[in-house]
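One structure is given below, encoded as structure tokens.
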Amino acid sequence: ICVLCTFTSLRMSSLNRHMKIHSDEKPHLCHLCLRAFRTVTLLRNHMNTHTGTRPYKCSDCDMAFVTSGELARHRRYKHTLEKPFKCTLCKYCSVEASKLKRHIRSHTGERPYHCSLCSYASKDTYKLKRHMITHSGKSLSCHNESYLFYARIAF
DNA sequence: TATCTCTAGCGCCCCCTGCTGGT
DNA sequence: ACCAGCAGGGGGCGCTAGAGATA
């Protein structure tokens, strides 16, 4: 049992590894952007984003991905059409949990993302970002910096 | 013990659609 | 009626973090 959080494991080795997340130790450094990672695997995946290396290739189309998880998700979206996350209130189902979470907000009416300049509130972050254009008149891509400024105030 | 694999999660961007107000 | 602007709903991918599985 971790004394710092709710984590529990049957293996001492898992607990030892877990304890590292409570420290800031990130010994694996990307020499291209100086970002640091806890594990070599994370660094390797990150380096692949710099080099464009995509080892996980889809057998049914030309797509390729940095991680196996991305490939698995792609295959669900495009090939197997498996949608394990099902809404209990309607027939909607999704490939991803986060999509179901976003969908459920359409039932609950929850709008966690508030505009700092008017009464508008959004159900997801990108809608708020898009909404911010109406205050500035700038294009979405030109608006990133001011959006981040507004977001810091709002959140 | 190190590495691989899987799952979870946040984010970004895009598309389509419906509503609304101006012309 | 038509069009532009805007918001709602959702699809798809990029990337990182953490933990289980395995070599």
Side-chain angles (χ1 to χ4, degrees), chain A residues 1-2 4-28 30 32-33 35-58 61-87 89-115 118-145 147-148 151 155:
Chain A
I1 299 173
C2 176
L4 298 174
C5 71
T6 58
F7 177 77
T8 58
S9 177
L10 295 174
R11 297 185 183 194
M12 200 59 199
S13 60
S14 293
L15 179 61
N16 288 337
R17 186 179 59 175
H18 164 84
M19 292 310 288
K20 290 183 178 178
I21 74 168
H22 294 302
S23 77
D24 291 333
E25 187 187 359
K26 292 182 177 181
H28 306 282
C30 171
L32 294 176
C33 68
R35 188 165 174 180
F37 298 88
R38 289 186 202 284
T39 68
V40 277
T41 305
L42 281 172
L43 175 59
R44 189 183 305 127
N45 287 343
H46 171 78
M47 293 304 294
N48 284 342
T49 69
H50 283 306
T51 62
T53 305
R54 293 166 178 262
Y56 297 90
K57 302 184 190 312
C58 180
C61 70
D62 293 336
M63 295 289 283
F65 301 89
V66 169
T67 68
S68 59
E70 289 171 66
L71 173 59
R73 184 179 54 180
H74 158 80
R75 290 189 55 75
R76 286 197 193 108
Y77 268 122
K78 295 294 190 181
H79 305 301
T80 70
L81 306 182
E82 181 191 359
K83 296 182 176 182
F85 300 96
K86 304 180 192 311
C87 178
L89 301 173
C90 69
K91 291 180 179 177
Y92 175 79
C93 48
S94 174
V95 168
E96 297 179 76
S98 62
K99 299 296 182 291
L100 176 59
K101 192 175 173 182
R102 184 177 64 179
H103 162 80
I104 286 174
R105 291 198 187 110
S106 69
H107 290 304
T108 65
E110 182 192 6
R111 293 169 180 267
Y113 307 100
H114 297 268
C115 175
C118 71
S119 60
Y120 175 76
S122 170
K123 292 167 184 170
D124 69 77
T125 53
Y126 189 71
K127 296 299 186 300
L128 176 59
K129 186 175 181 177
R130 187 178 64 178
H131 163 81
M132 285 304 189
I133 300 168
T134 66
H135 291 305
S136 72
K138 291 181 182 176
S139 72
L140 204 54
S141 58
C142 294
H143 200 82
N144 282 344
E145 285 187 14
Y147 161 70
L148 290 172
F155 306 134

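A note on names: the letters A, B, ... follow the listed sequences, proteins ahead of strands, and every chain is numbered from 1. Every heavy atom of this structure was used, including side-chain atoms; hydrogens, water molecules and symmetry mates were not.
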Could you state the interatomic distance from [atom1] ([X]) to [atom2] ([Y]), rounded to the nearest 0.5 Å?
X	Y	atom1	atom2	answer
His131(A)	Ser122(A)	NE2	OG	9.0 Å
Arg44(A)	Phe37(A)	CZ	CZ	13.0 Å
Ile104(A)	Lys99(A)	CD1	NZ	13.5 Å
Arg111(A)	Arg105(A)	CZ	CZ	11.0 Å
His103(A)	Lys123(A)	NE2	NZ	10.5 Å
Tyr113(A)	Leu128(A)	OH	CG	9.5 Å

To the nearest angstrom, how far is [X] atom [atom1] from [N] atom [atom2]?
X	N	atom1	atom2	value
Glu96(A)	dA8(B)	CD	P	11 Å
Leu71(A)	dT7(B)	CG	C1'	15 Å
Tyr77(A)	dC14(B)	OH	P	17 Å
Arg38(A)	dC4(B)	CZ	C1'	19 Å
Lys101(A)	dT7(B)	NZ	C1'	15 Å
Arg73(A)	dG11(B)	CZ	P	14 Å

Subject >> Where protein sits on nucleotides 16-23 of chain B, one letter per nucleotide: B base, S sugar-phosphate only, - none, heavy atoms under 4.0 Å >> reply: --------
Side-chain contact test, heavy atoms from C-beta onward, threshold under 4.5 Å: evaluate it for [X] versus [Y] and give yes or no.
X	Y	result
Glu96(A)	Tyr77(A)	yes
Cys58(A)	Lys78(A)	no
Met63(A)	Leu71(A)	no
Arg102(A)	Ser94(A)	no

Write down the atom of [X], the atom of [Y], and the distance for their closest heavy-atom approach.
X	Y	value
Val66(A)	Pro55(A)	O-CD, 3.9 Å
His107(A)	Cys87(A)	NE2-SG, 3.5 Å
Thr39(A)	Leu42(A)	OG1-N, 3.1 Å

Original post:
Would you call the rings of Phe65(A) and His74(A) parallel, tilted or perpendicular if under 30° counts as parallel and over 60° as perpendicular?
Top reply: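 Judged by the thresholds at 30° and 60°, the geometry between Phe65(A) and His74(A) is tilted.
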May I ask you to say what [X] touches in the nucleic acid, namely base, sugar-phosphate or nothing, with a heavy-atom cut-off under 4.0 Å?
X	result
Val40(A)	sugar-phosphate
Arg102(A)	base
Thr41(A)	base

**OP:** Would you jot down, in residue-number order, the residues of residues 62-70 of chain A having a non-hydrogen atom under 4.0 Å from DNA chain C?
**Re:**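 Within residues 62-70 of chain A, the residues near DNA chain C are Met63(A), Phe65(A), Thr67(A), Glu70(A).
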Original post:
Which residues, if any, of residues 44-55 of chain A bring a heavy atom under 4.0 Å of DNA chain C?
Top reply: His46(A), Thr49(A), Arg54(A)
**OP:** Please list, chain by chain and in numerical order, all residues satisfying side-chain contact (heavy atoms from CB on, under 4.5 Å) with Leu4(A), sequence neighbours excluded.
**Re:**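 By the side-chain contact (heavy atoms from CB on, under 4.5 Å) rule, Leu4(A) matches Cys2(A), Met19(A), His22(A).
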Subject >> Check: Arg76(A) side chain, Val95(A) main-chain N or O, donor-acceptor pair, under 3.5 Å >> reply: no
Subject >> Range on DNA chain C touched by chain A, heavy atoms, distance below 4.0 Å >> reply: dC6(C) to dT22(C)
**OP:** State whether Lys99(A) places a side-chain N or O below 4.0 Å from either non-bridging phosphate oxygen (OP1 or OP2) of dG9(B).
**Re:**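 Checking dG9(B) against Lys99(A), no side-chain N or O comes under 4.0 Å of OP1 or OP2.
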Subject >> Structure string for DNA chain B in dot-bracket form, Watson-Crick and G-U at under 3.5 Å, | interchain >> reply: |||||||||||||||||||||||
